[in-house]
Amino acid sequence: MALLKIAHMGHPVLLQSAEPVADVDAPEIRALIADMIETMLDASGAGLAAPQIYRSLRIFVYHVPASRAGDGDEALSPRALINPEISPIGQETMACVEGCLSLPGLRGTVPRHAQVRFGGWNEKGERVDGEAHGFHANVLQHEYDHLDGILYPMRMNDFTTFGYAEEFSRVAAHS
Ligand code: NI
């Protein structure tokens, strides 16, 4: 296993539409996923998409840490979704405070679907389908966007919420 270099905003790979994975069972895909999970955890991220490690493939890894679970949302161990599909359930939206390993230190509030249906293939090459809400739905939508070349600021509609996490917490501590 190896830690992978993370692409930062400005690199064109982050703006490309990623290619579907031809063989979800390929040993090199499993090895790539193992490295992506290690890299995500090392960087304290909740998710990491293949374009973020300079691979334009439709794969992302994610987890729901116990600290982000709650409100009926359960913690989920690190896992992968290959060639994912995501679709909204209903019209309800939620405001999500997001960060991204490709925009280090920054955060912003992004409107997202409150519930989604998802499908794809997992790290064992098995078909998976499910429904998600709360933080789980948030991370799925953020990571899926990476596969279409979309970064979270492109989804924002209130740029007063965009800035450095350090400054937001400094202001919060003094107000
Ligand atoms: Ni991201």
Side-chain angles (χ1 to χ4, degrees), residues 2-21 29 32-69 73 75-88 93-116 118-120 122-123 132-159 161-169:
L3 291 179
L4 304 166
K5 182 169 154 57
I6 296 175
H8 289 160
M9 189 170 72
H11 194 284
V13 72
L14 293 173
L15 301 177
Q16 290 168 11
S17 190
E19 292 294 320
V21 174
I29 295 298
L32 178 65
I33 287 170
D35 287 346
M36 287 174 66
I37 288 175
E38 189 183 5
T39 302
M40 170 183 73
L41 296 176
D42 178 73
S44 299
L48 182 69
Q52 292 183 274
I53 47 94
Y54 301 92
R55 297 292 302 272
S56 197
L57 289 170
R58 299 190 82 79
I59 304 173
F60 60 74
V61 298
Y62 70 100
H63 64 140
V64 177
S67 60
R68 305 302 296 265
D73 204 17
L76 295 175
S77 59
R79 58 199 60 205
L81 211 50
I82 307 169
N83 296 343
E85 308 127 32
I86 301 221
S87 57
T93 59
M94 58 181 177
C96 300
V97 177
E98 299 191 12
C100 180
L101 295 175
S102 294
L103 289 74
L106 289 162
R107 74 172 209 204
T109 302
V110 186
R112 297 288 188 187
H113 300 293
Q115 287 193 68
V116 295
F118 66 92
N122 69 12
E123 61 285 351
H133 64 274
F135 185 75
H136 186 194
N138 182 187
V139 72
L140 287 172
Q141 290 169 85
H142 177 113
E143 299 312 325
Y144 185 90
D145 269 353
H146 276 299
L147 308 184
D148 285 340
I150 298 168
L151 300 167
Y152 77 83
M154 301 175 188
R155 296 278 192 199
M156 290 180 63
N157 54 21
D158 179 2
F159 280 92
T161 68
F162 191 45
Y164 289 93
E166 194 182 318
E167 297 288 1
F168 284 123
S169 52

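Computed from a prediction, not measured in an experiment: that's the story for all the values here. Remember, it's 1-based here, ligands and their atoms both numbered in the order they're listed. Basis for what follows: all heavy atoms, side chains included, without hydrogens, waters or symmetry-related copies.
For Gln16, the CD atom is densely surrounded, since the number of other residues' heavy atoms within 6.0 Å is greater than 12. More than 12 heavy atoms of other residues, nucleotides or ligands shown are found within 6.0 angstrom of OH on Tyr54.
The pair Glu98-Arg112 counts as a salt bridge, with a side-chain nitrogen and a carboxylate oxygen less than 4.0 angstrom apart.
Tested against Tyr62 for a side-chain hydrogen bond (donor to acceptor under 3.5 Å, both in side chains), the candidates His136, Glu143, His142 yield a single pass: His136. The only member of Glu123, Arg79, Glu38 that meets side-chain contact (heavy atoms from CB on, under 4.5 Å) when paired with Ile33 is Glu123.
Around the Ni ion (ligand 1), the protein N, O or S atoms found under 2.8 Å comprise Cys100 SG, His142 NE2, His146 NE2.
For the salt bridge (Lys or Arg N to Asp or Glu O under 4.0 Å) test, residues two or more places apart in sequence or in another chain that qualify with Asp148 are Arg58.
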